[in-house]
*Asks:* 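Have a look at this one.
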Amino acid sequence: MSIITVATSTYDDQRPGTSGLRKKVVVFQQPHYLENFVQAIFNSIETCQGQTLVVGGDGRYYNRQAIQTIIRMAAANGFAKLIIGQGGILSTPAVSCVIRKYQTIGGIVLSASHNPGGPDEDFGIKFNGSNGGPATEKVTEAIFATTKSLEHYLSCDSADVDLDTIGSTQVLNTEISIIDPVSDYADLMEELFDFEKMRSLLSNRRFKMCFDAMHAVTGPYAIEILEKRLGAPEGTVMNGVPSENFGGGHPDPNLVHAHELVERMNGTEPLAFGAASDGDGDRNMVLGSGFYINPCDSLALLLDNAHLVPAYKEGVAGVARSMPTGRAVDRVAAALEIPCYETPTGWKFFGNLMDAGKITLCGEESFGTGSSHVREKDGLWAVLFWLNIVAERNQPARTIVREHWSKYGRDYFSRHDYENVDSAKASEMIEQLRTKLSTMAGQQVGDLTVESADDYHYIDPIDGSESAKQGIRILFTDGSRIVMRLSGTGTSGATLRVYFDRYEGDPFHVSHDPQKALADLIIAADQLAGISAFTGRQKPDVIT
Ligand code: G1P
Ligand code: ZN
């Protein structure tokens, strides 16, 4: 076995997006494409010599091949050890947990999250640092810069490693350690939550719940924790075996894609509690009986009830939400007199705040909720948090939400996605809107009056780094808001995301359909930005 220096030529499209580099599988299969990006990651680490790296993915098509490539390159680059989940499996929050537990230099997550998988679908790669969180923009920009000038990468001529057997082998001088992907994570969950209390809830046959793993990575985690450790009946976890193409589905836990679960929550005998997670296990959707719980409300509720959960009973230092996320959590933070931070879209912006001890809980409207127990959003953690609250309060989830609305009022929220829009048209739409922002204040749209409009510019309160153009915000005099931005995770065309939110303080008006409560804002967005004219679409593809 020997180290090989491979000459390569560069690609110009390897700038990481909101969450790592995501492309179609065929793009990753081009000669040296994956290798270039991996070498750029390794070059961003001060020294690979003697370090330990965690590697795992969501089990999608190309996961195993990519891991074999990474093993050969990591060995040639001098890593002392690789920790790899059995079968190449590690959920995103589990990678974060393992990096932190074994104090490694970082980890590589192979996933395109909620995007479909398969030979014609998506693949992705993301680097997490030694805090367990996604690399900051400074690091991802450095990786991108390297990909543009790379002339060679290091690899070796070793045979494939058996990824399915737990134990250690050696490639060059690198120890390859295949670990149980679930146990470290499950142990951490057991430290955070009151498993005894939850066990009595889940073993009560009158409490019927279901967790939809959507043929993705959380299956083995949910079976171990919900069924084995917490005693829920076998079959509580549906679609629990990870598959390379997620059973042909779209592993995105929302009302559209988790329809099997939604049916069980709404049938003649609806279950008491339902939840789902995405491809790589960092997203969550929670449902009460016949009742959808919006992720923005969910974050607010977790904060308001955090004192009921062992890990958070001493208090929460502060919270953060991404800018487009509805502002329900702000009200709870104000009531608790703790700071509430606003960050750009993407989990990487929460890391500094968590590392500095400023926040304990954080979340995004895109079904992402998490805490400082790891440095990623964590789907199963959010579900367990909810179950702990339900067990402690001994009330159905939907009653808990309704009581929250009568206490704090409701922040109606909705996001409209226009997918696979012509990229040039989408950029043109955003550009023309940008030029109008400085003169928009005072403008009437229907019954609404614009109070202010800007393009969100973030200054990180910890390291002072700046991120410009993070989304257009239009605020109205009644406090309601429209946000527009283009997705940074899509792999074909552009995805336009339009976010709407409005506060309703009157307890008699908190149970309306959000689309109706936000109807005038939805019309205003089209009038202000010309959405239908630019996109050629009369309605969004996905509404959440
Ligand atoms: C989307 C979500 C964002 C999330 C990211 C990764 O990014 O909107 O909140 O952090 O996926 O899961 P976007 O496609 O909007 O750039
Ligand atoms: Zn994900």
Side-chain angles (χ1 to χ4, degrees), residues 15-22 56-60 90-96 109-117 122-126 128 133-135 137 140 213-214 216-218 221 242 246 250-254 257-258 276-285 295-296 299 320-326 342-351 362-370 374-382 413-421 426 430 456 467 469-472 483-499 541-542 544:
R15 172 177 257 145
T18 314
S19 183
L21 184 69
R22 284 190 201 166
D58 62 9
R60 68 176 60 226
L90 272 174
S91 75
T92 291
V95 168
S96 192
V109 185
L110 299 163
S111 168
S113 187
H114 49 287
N115 295 5
D122 292 357
F123 190 72
I125 174 166
K126 186 173 80 159
N128 283 24
E137 268 200 341
T140 56
M214 304 189 84
V217 80
T218 34
Y221 295 85
F246 307 114
H250 197 132
D252 200 0
N254 59 38
H257 297 302
S277 191
D278 72 330
D280 62 328
D282 58 358
R283 293 186 173 200
N284 75 92
M285 175 173 71
C296 310
L299 176 62
R321 59 161 172 81
S322 67
M323 181 274 283
T325 300
E342 189 178 59
T343 57
T345 295
W347 210 260
K348 60 189 170 205
F349 294 102
F350 294 132
C362 50
E364 297 190 90
E365 49 65 42
S366 51
F367 301 87
T369 330
V374 290
R375 292 293 182 277
E376 286 281 3
K377 56 186 176 248
D378 190 343
L380 205 43
W381 165 90
F413 176 87
S414 183
R415 184 177 101 183
H416 289 194
D417 290 340
Y418 297 80
E419 294 176 345
N420 212 348
V421 171
I430 294 288
Y456 182 50
S467 304
K469 299 187 173 176
Q470 295 295 318
I472 289 171
V483 174
M484 284 183 227
R485 55 180 285 280
L486 297 181
S487 157
T489 58
T491 54
S492 49
T495 296
L496 169 68
R497 304 204 194 284
V498 192
Y499 311 76
D541 299 281
V542 179
T544 48

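Atoms within each ligand, like the ligands themselves, are counted from 1 in listed order. Because the structure is predicted, anything quoted here is derived from the model rather than measured.
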*Asks:* Could you go through the side chain to side chain contact (heavy atoms under 4.5 Å, CB included) check for T369 and L299 one step at a time?
*Replies:* CA-CA 7 Å; T369 330; L299 176 62; 4.0 Å; yes

*Asks:* For G488, counting its heavy atoms only, list the atoms of ligand 1 lying under 4.0 Å from any of them.
*Replies:* 13 (P), 14 (O), 16 (O)

*Asks:* Under 3.5 Å between some N or O of ligand 1 and some N or O of S366?
*Replies:*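 Yes, S366 has an N/O under 3.5 Å of an N/O on ligand 1.
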
*Asks:* To which protein heavy atom is atom 1 (C) of ligand 1 closest, and what is the distance rounded to 0.1 Å?
*Replies:*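 So the nearest neighbour among protein heavy atoms is R283 NH2, 3.7 Å.
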
*Asks:* Examine the proximity of ligand 1 to E376 and report which part, side chain or backbone, both or neither, has a heavy atom under 4.0 Å away.
*Replies:*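 Under 4.0 Å from ligand 1, E376 contributes no heavy atoms.
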
*Asks:* If you measure from atom 15 (O) of ligand 1 to every heavy atom of R485, K348, K377, which option wins on shortest distance?
*Replies:* R485

*Asks:* Within the side chain of S91, is there an N or O that forms a donor-acceptor pair under 3.5 Å with the backbone of A94?
*Replies:* yes

*Asks:* Pick one: which of R485, R415, H416 meets side-chain hydrogen bond (donor to acceptor under 3.5 Å, both in side chains) with Y499?
*Replies:* R485

*Asks:* So is G346 touching ligand 1 or not, going by heavy atoms under 4.0 Å?
*Replies:*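 Under 4.0 Å: yes for G346.
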
*Asks:* Checking R497 against E365 for the salt bridge (charged side-chain N to carboxylate O under 4.0 Å, His left out) test, could you report, in this order, the C-alpha distance in whole Å, the side-chain angles of both residues, the deciding distance, and whether it holds?
*Replies:* CA-CA 12 Å; R497 304 204 194 284; E365 49 65 42; over 6 Å; no

*Asks:* Can you list the atoms of ligand 1 that are under 4.0 Å from a heavy atom of R497?
*Replies:* 8 (O), 13 (P), 14 (O), 15 (O)

*Asks:* Can you find an N/O atom of Y499 closer than 3.5 Å to an N/O atom of ligand 1?
*Replies:* no

*Asks:* Pull out every atom of ligand 1 sitting under 4.0 Å from any heavy atom of E364, numbered as shown with elements.
*Replies:* 3 (C), 4 (C), 9 (O), 10 (O)

*Asks:* Taking only heavy atoms of R415 into account, list the atoms of ligand 1 that are under 4.0 Å away from them.
*Replies:* 8 (O)

*Asks:* Have a look at ligand 1 and work out which part of S487, if any, has a heavy atom under 4.0 Å from it: side chain, backbone, both or neither.
*Replies:* both

*Asks:* Begin with the C-alpha distance, continue with both residues' side-chain angles, and end with the deciding distance and a verdict on side chain to side chain contact (heavy atoms under 4.5 Å, CB included) for D278 and H257.
*Replies:* CA-CA 10 Å; D278 72 330; H257 297 302; over 6 Å; no

*Asks:* Are any non-hydrogen side-chain atoms of L496 and L486 less than 4.5 angstrom apart?
*Replies:* yes

*Asks:* Going through the checks in order, is the side chain to side chain contact (heavy atoms under 4.5 Å, CB included) test met by M323 and Q470?
*Replies:* CA-CA 9 Å; M323 181 274 283; Q470 295 295 318; 5.5 Å; no

*Asks:* Within the side chain of T140, is there an N or O that forms a donor-acceptor pair under 3.5 Å with the backbone of E137?
*Replies:* yes

*Asks:* Could you report the tightest heavy-atom contact between W347 and R375, atom names first, then the distance?
*Replies:*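 Of all heavy-atom pairs spanning W347 and R375, the closest is CD1-O, 3.4 Å.
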
*Asks:* What's within reach of the Zn ion (ligand 2), meaning protein N/O/S atoms under 2.8 Å?
*Replies:* S113 OG, D278 OD2, D280 OD1, D282 OD1

*Asks:* Go through it in stages, so that I can follow the logic: the residues are T92 and K126, the test is side chain to side chain contact (heavy atoms under 4.5 Å, CB included), and I'd like the CA-CA distance, side-chain angles, deciding distance and then a yes or no.
*Replies:* CA-CA 10 Å; T92 291; K126 186 173 80 159; 4.0 Å; yes

